[in-house]
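Sequence positions, counted from 1, serve as the residue numbers for this chain. Computation of the quantities below employed the complete heavy-atom set of this structure, encompassing side-chain atoms and omitting hydrogens, waters and symmetry-equivalent molecules. The structure displayed is predicted, hence computed values, not measured ones.
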Amino acid sequence: MKIDWAALGSVFGVSLVATVALVGLFTLGVIGLSKQEQAAAQGGSAALARTGAYACFGLCLAAVAYGIYLIVA
């Protein structure tokens, strides 16, 4: 049995980058929702923070759905 180490390293690298990107997007969404709550408590407008948070969560959902599509198809 021969292991293709270059392909294994490539898969590892892409997986690492995708994981860090998804965690970063989700974190930005959570931060956006917390900023929305802070802005509402201070009497400011929270629409921009909420919209950004929902956009981040939508991108996370799209990436997960694409991953599931790749596995199933």
Side-chain angles (χ1 to χ4, degrees):
M1 180 162 92
K2 182 171 167 47
I3 297 174
D4 186 0
W5 291 104
L8 183 63
S10 175
V11 168
F12 174 75
V14 170
S15 299
L16 183 65
V17 168
T19 302
V20 169
L22 279 177
V23 169
L25 271 175
F26 193 82
T27 301
L28 286 175
V30 171
I31 289 171
L33 287 181
S34 69
K35 295 292 182 188
Q36 177 241 338
E37 291 175 0
Q38 290 175 357
Q42 296 173 355
S45 174
L48 184 61
R50 186 179 323 120
T51 303
Y54 290 158
C56 288
F57 291 141
L59 288 171
C60 284
L61 181 64
V64 169
Y66 181 66
I68 291 172
Y69 167 77
L70 288 176
I71 292 170
V72 172

Report all side-chain donor-acceptor pairs from residues 27-34 shorter than 3.5 Å, counting only partners two or more places apart or in another chain.
| unit_1 | atom_1 | unit_2 | atom_2 | d |
| --- | --- | --- | --- | --- |
| T27 | OG1 | V23 | O | 2.7 |
| S34 | OG | I31 | O | 2.8 |

Fill in: Fellow cluster residues of I71, listed by chain then number, with links counted only when side-chain atoms sit under 4.5 Å apart
none

Worksheet item: With a 4.5 Å heavy-atom cut-off, do F12 and L8 have their side chains touching?
Response: no

Worksheet item: If you look at every heavy atom in C60 and L22, which pair is closest and at what distance?
Response: SG-O, 3.7 Å

Worksheet item: Taking all non-hydrogen atoms of both residues, which atom of S15 and which atom of T19 are closest, and how far apart?
Response: O-OG1, 2.7 Å

